Number of protein chains: 2
Amino acid sequence: MPATIRDVANRAGVSVATVSRLLNGTGRVGPDAAARVQAAVAELGFRPNGMGRSLKSRRSRLIGVMIPSLGNPVFADAVAGIEAEARAAGFTLLFGVSNYDAAEEQRAVEALLAYRVDGMILTVAAPATSPALDSLDQAGLPHVLIYNQPAPTRAVPTVTVDNVAAGRAVALHMVALGHRRLGMITGALGGSDRAAARLAGFLDGARASGLPRPCVHEVDFEAPDPDAALKAFASGPDGLPTALFCSNDWLAIATIGALTRQGLSVPGDVSVFGFDGIALGAHLNPPLATVVQPSRAMGGIAARHLIALMTADGDRPAPGSAPPGSAPGHHLLPFTLRPAGSAGPVCFTRPTPSMAPVETTGNAAKQAPAASPVADLDLSTRTS
Amino acid sequence: MPATIRDVANRAGVSVATVSRLLNGTGRVGPDAAARVQAAVAELGFRPNGMGRSLKSRRSRLIGVMIPSLGNPVFADAVAGIEAEARAAGFTLLFGVSNYDAAEEQRAVEALLAYRVDGMILTVAAPATSPALDSLDQAGLPHVLIYNQPAPTRAVPTVTVDNVAAGRAVALHMVALGHRRLGMITGALGGSDRAAARLAGFLDGARASGLPRPCVHEVDFEAPDPDAALKAFASGPDGLPTALFCSNDWLAIATIGALTRQGLSVPGDVSVFGFDGIALGAHLNPPLATVVQPSRAMGGIAARHLIALMTADGDRPAPGSAPPGSAPGHHLLPFTLRPAGSAGPVCFTRPTPSMAPVETTGNAAKQAPAASPVADLDLSTRTS
DNA sequence: TTGAAAGCGCTAACAC
DNA sequence: GTGTTAGCGCTTTCAA
C-alpha cells in the first residue's frame with residue numbers, strides 16, 4: 001500500500017495542503033516545513049498518485065497515441081519522436097493500436113478517452129469518415145493527426161508530407177530513368193488514405209508523362225502477399241512492369257524479396273520504389289529507393305503542436321467550436337527522394353521480365369547510384 | 001465537460017449506485033431501470049472516468065510497458081504482442097522508453113508507477129543492479145521481464161530465450177561451416193545483459209571448438225558505427241574475421257551494409273550472423289542468418305503471465321515477501337537458428353579479407369542456402 | 001505561511 | 001432491486 005499525501009503530512013507534522021504546495025511549487029512554504037516534508041517524502045518513498053491528482057486537477061498529463069500497427073517501423077519511429085517530446089514536457093503516453101481498422105480505431109480511442117488523456121496523436125484509416133475522430137471532436141479533445149492527409153471536412157491539425165506530390169515525384173523519376181511500364185503495389189486503400197494519395201499522385205505523374213494508366217494491385221497491410229500481386233501483374237495484358245512503386249517500405253522490401261525468389265534482379269529487371277524511408281532500407285542490398293519522410297520529427301512536431309494546443313486550451317475558445325476562419329495548423333513536412341540502388345535505368349537490351357523461373361543472372365553492370373534529375377527533391381516546410 | 005455517472009443517474013431517475021451496478025455487471029438491476037440507464041448513457045455519450053474508477057477500486061486496469069528503444073523492431077514486435085493480449089483482457093498500455101540507460105529506466109518506471117499501473121512488463125539493462133526493479137520490488141508491483149536474462153538475485157518472472165545457448169549455437173554453426181576466425185560486434189554490454197549472455201555463449205562455443213578467443217568490439221546501441229568496429233578488427237593482430245556474430249539483427253544489417261560498402265561480399269568474404277529474427281531480415285538479399293526468437297509470442301506470454309499474477313494478487317501472499325521456495329515462473333522460449341544467406345561456408349581459396357577498397361568482385365558462386373548441421377535447432381519450451 | 005474542508009468521479013458497503 | 005453514503009488521493013479555495 002503506497003504512502004499517501006496524508007501519510008507524508010502526518011509524518012512531517014504539517015497539513016496535506018502544505019505538502020501539496022511544496023510538491024507542486026504552488027504557493028510558498030516555510031523552509032523548516034519544507035525540510036520536514038522533503039524528509040518525510042524520502043523516508044516514505046512517497047510517489048504522488050497520478051489518478052488522484054488528475055481527478056482533482058482535471059488534467060491527466062497523459063497523451064494518447066494510436067497507430068495502425070507497430071509492425072511497420074515507420075510508426076514506431078514516430079512514436080519514438082512523440083515519446084521523447086512528451087517526456088520532456090512531463091507527459092506520459094497511453095498507447096493503442098488499430099490494425100488499420102476503423103472499428104478498432106474507435107475502440108482504441110474510447111479506451112484512451114476513458115482515462116481522460118489531455119490530448120491525442122493518431123493515424124486513422126480515413127479521416128473523413130473516421131468514427132474515432134467523431135468521438136474526439138465530440139469530446140472536444142485536442143488531437144493531431146500524423147501521416148494522414150489533411151481532411152478538408154475536418155478542422156484537425158495534421159502533420160504529414162505531401163503524399164500526392166511524392167507519388168508524382170516517384171512516377172516522374174521512373175520516367176526519367178527511361179521506364180515506360182509502371183506499376184504500383186499498395187496496401188489496402190480503404191485502410192490508408194495516404195496510400196490512396198500516393199497512388200493518386202503516381203497516376204497523375206504517369207499521365208502527365210503521357211503514359212497509359214499504370215497497373216495497380218492491392219495487398220493486405222498485415223500479411224502482404226507480394227507474390228500474388230506479381231502473378232497478377234504477370235498475367236495481365238502488359239506483363240510485369242519494369243518499375244514498381246510500393247506504397248510503403250515494408251511492402252517494397254517484401255516485394256523485392258519476392259522478385260528475387262522469382263529469379264528476377266532488382267533493379268536489373270525491375271526497379272522498385274518504396275515509401276517512408278525507414279532506416280533499415282538504406283542498409284539493404286541494393287539500398288532501397290524510397291521517399292524519405294521525417295518520421296521521428298513528424299512525431300516530435302505533432303507532440304509539440306498538441307502540447308501547445310492543450311495548454312492554450314486552458315482558456316478554450318468555446319467548447320467544440322473551432323475558430324471559424326482559422327486553418328487548423330497543418331504541418332506539411334519536406335520529403336526527399338532517395339534514388340538508391342533498387343531503382344535504376346530501364347534496360348532496353350533485356351527481354352520483357354517474365355515470371356518464369358529462368359536463371360536471370362545479369363546484374364545490369366553494378367551501376368553507380370543513378371544520377372537522377374529528381375535527386376533529393378526537397379520541399380521546404382510549410383505551415384498553413 | 002464529459003458527463004458523469006451522476007448526470008446519468010439523474011437523467012435516468014435512479015441512483016448512481018444503480019448506474020454503476022449496471023455498467024459493471026455487479027449486482028442485479030431491474031429491467032426498466034436498466035433500460036432507462038442505457039438510454040441515458042447513450043444520450044449523454046457517457047464514458048466512465050477511468051481515473052475515478054481506479055481511485056476507488058484500487059485497480060487501474062493499466063499495464064506499464066518499458067523497453068529500451070522503439071528503434072529496434074524486435075521491441076516493437078514484443079509490444080505488439082503485449083498490446084493484443086492486454087487489450088483482449090481489458091487492459092490499456094502505459095508506455096515508456098529507457099534508451100538502454102539505467103537512470104532513464106528508473107525515471108520511466110517512476111512515471112508509470114505514478115499512475116498506479118496494475119503491473120508492468122519491461123526490459124532492463126541489467127536486472128541484477130537495476131534501480132527500476134528495486135522500485136518495483138519495493139512497491140510490491142507485479143512485473144515480468146522480457147528479453148532479460150533470469151536474474152539469480154531477483155525473484156522476478158522472466159520470459160526470454162536461452163541467450164547463452166543461442167550464442168553457443170551460433171559459434172558451433174560457424175565452426176561447422178569451416179570458419180576459424182570468429183568475431184563479434186555487440187551493443188554496449190553495460191546496456192544489455194542479453195548481449196552479454198550471447199557473447200558468453202559465443203565465446204564458450206569457440207572455446208569448446210578449440211578456437212582462440214574471438215575478437216569482440218562494442219558499439220553504441222542507438223547510433224552503431226559498424227565501420228569503426230570493422231576498422232578495429234582489421235587493424236587487430238588477426239585481421240577481419242571470416243565470420244561475424246552481431247548481438248542483434250539491427251547491428252547485423254548495419255554491419256553487412258558497412259562490409260558491402262568496403263567492397264567485401266557477404267557471405268563470400270565474411271559471414272554475418274544476427275540475433276532476434278526480425279521479419280525484415282528474411283527479406284534481405286542475402287537473407288539474414290540469425291537466431292530467431294519469438295518476439296511477439298514473448299510479449300503475449302509475458303502479458304498473460306502478468307495478468308495471472310495481477311489477478312492472483314487480490315490475495316497477495318504477503319506484501320513484499322515472495323514464496324521462499326518457489327521459482328518465479330520463468331519462461332524459456334525456444335529459439336531457432338536461421339542459417340540463411342548471410343552466413344556461408346568459409347572460402348579457403350580466397351585471400352584474407354582486407355579492408356582495402358580493392359574491387360572484390362567474386363560472389364562465391366551463388367551458393368544455395370548452406371546445408372547446415374545445426375539447421376533449425378529447436379529447444380522446447382521450458383517453464384521453471 | 002499554514003490549515004480546514006470541499007469536492008473531482010467513481011465503487012462498495014450497508015440499509016431498506 | 002435500489003438508494004445512501006463514505007471515502008479512494010489529491011488540489012484548491014477560503015480563512016486564519
Side-chain angles (χ1 to χ4, degrees), chain A residues 1-38 40-41 44-62 90 92 110 113-118 139 314, chain B residues 1-38 40-41 44-62 90 92 110 113-118 139 314:
Chain A
M1 205 58 47
T4 75
I5 196 175
R6 178 171 255 110
D7 298 330
V8 174
N10 289 342
R11 196 174 229 283
V14 299
S15 74
V16 295
T18 299
V19 177
S20 175
R21 276 191 278 258
L22 180 68
L23 260 36
N24 298 298
T26 161
R28 317 271 148 255
V29 174
D32 46 336
R36 295 210 309 283
V37 171
Q38 304 275 27
V41 165
L44 267 44
F46 173 66
R47 206 180 339 259
N49 185 324
M51 298 283 178
R53 182 198 301 251
S54 301
L55 198 53
K56 180 64 189 179
S57 66
R58 315 185 64 76
R59 22 183 59 255
S60 61
R61 301 205 69 79
L62 248 25
T92 301
E110 294 291 338
L113 245 23
Y115 287 95
R116 298 302 189 264
V117 293
D118 288 339
Chain B
M1 204 60 46
T4 75
I5 196 177
R6 178 170 256 111
D7 298 329
V8 175
N10 289 343
R11 197 175 227 283
V14 299
S15 74
V16 294
T18 300
V19 178
S20 175
R21 276 190 280 258
L22 181 68
L23 261 36
N24 298 299
T26 160
R28 317 271 149 257
V29 174
D32 46 335
R36 297 211 307 283
V37 171
Q38 303 275 28
V41 165
L44 267 43
F46 172 66
R47 207 178 341 258
N49 184 322
M51 297 283 179
R53 180 197 303 249
S54 301
L55 199 53
K56 180 62 189 181
S57 66
R58 315 186 64 76
R59 25 184 55 258
S60 61
R61 301 205 69 77
L62 248 27
T92 302
E110 295 290 339
L113 245 23
Y115 287 95
R116 299 300 189 263
V117 293
D118 288 339

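Everything numeric here is computed off the predicted structure, so don't read it as measured data. Residue numbers begin at 1 in each chain, while the letters A, B, ... track the order of the sequences.
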Enquirer: What closest approach, in Å, do Ala3(B) and Arg116(A) show between heavy atoms, and which atom pair accounts for it?
Expert: O-NH2, 4.4 Å
Enquirer: Name the first nucleotide and the last nucleotide along DNA chain C (5' to 3') that come under 4.0 Å of a heavy atom in chain A.
Expert: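 The protein-touched segment is dT1(C) to dG9(C).
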Enquirer: Among residues 22-31 of chain B, which ones have heavy-atom contacts with DNA chain D below 4.0 Å?
Expert: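 Per residue number, the list reads Arg28(B), Val29(B), Gly30(B).
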Enquirer: Please find the earliest and latest nucleotides of DNA chain D, in the 5' to 3' direction, that have an atom within less than 4.0 Å of any heavy atom of chain B.
Expert: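 First-to-last contact on DNA chain D, by the 4.0 Å heavy-atom rule, is dG1(D) to dG9(D).
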Enquirer: So does Ser60(A) get a backbone contact from the side chain of Tyr115(B), meaning a donor-acceptor N/O pair under 3.5 Å?
Expert: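 Yes: the side chain of Tyr115(B) pairs with the backbone of Ser60(A).
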Enquirer: Grab the two heavy atoms, one from Thr4(A) and one from Phe46(A), that are nearest each other, plus how far apart they are.
Expert: C-CE1, 3.4 Å
Enquirer: Do side-chain atoms of Ser20(B) reach the backbone of Val16(B) as a donor and acceptor pair under 3.5 angstrom?
Expert: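 Between the backbone of Val16(B) and the side chain of Ser20(B) there is no qualifying donor-acceptor contact (under 3.5 Å).
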Enquirer: Is the backbone N or O of Leu55(B) less than 3.5 Å from a side-chain atom of Arg58(B), with the two atoms forming a donor-acceptor pair by type?
Expert: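 Judged by distance alone, no pair lies under 3.5 Å.
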Enquirer: Please report the closest heavy-atom contact between Pro48(B) and Arg53(B), naming both atoms and the distance.
Expert: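 Distance-wise, the nearest heavy atoms are CB-NH2, 3.2 Å.
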Enquirer: Quick one: label Thr18(A) by what it contacts on the DNA or RNA (base, sugar-phosphate, nothing), any heavy atom closer than 4.0 Å.
Expert: sugar-phosphate
Enquirer: Does Arg47(A) or Arg21(A) map to a spot on DNA chain D nearer the 5' end, using the closest nucleotide for each?
Expert: Arg47(A)
Enquirer: Minimum heavy-atom separation for Leu22(A) and Ala34(A), please, with both atom names.
Expert: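 What the structure gives for the nearest pair is CD2-O, 3.7 Å.
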Enquirer: Looking only at heavy atoms, what is the nearest atom pair of Gly90(A) and Arg61(A), with distance?
Expert: O-NE, 3.3 Å
Enquirer: Where each residue is assigned the nucleotide of DNA chain D containing its nearest heavy atom, which of Ser57(A) and Val16(B) is assigned the position nearer the 5′ end?
Expert: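 Final value for this comparison: Val16(B).
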Enquirer: With a 4.5 Å heavy-atom cut-off, do Arg11(B) and Val8(B) have their side chains touching?
Expert: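 No, side chains not in contact.
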Enquirer: Checking side-chain contact (heavy atoms from CB on, under 4.5 Å) between Arg36(A) and each of Val41(A), Val19(A), Val14(A), which is the one that passes?
Expert: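 Of the listed residues Val41(A), Val19(A), Val14(A), the side-chain contact (heavy atoms from CB on, under 4.5 Å) partner of Arg36(A) is Val14(A).
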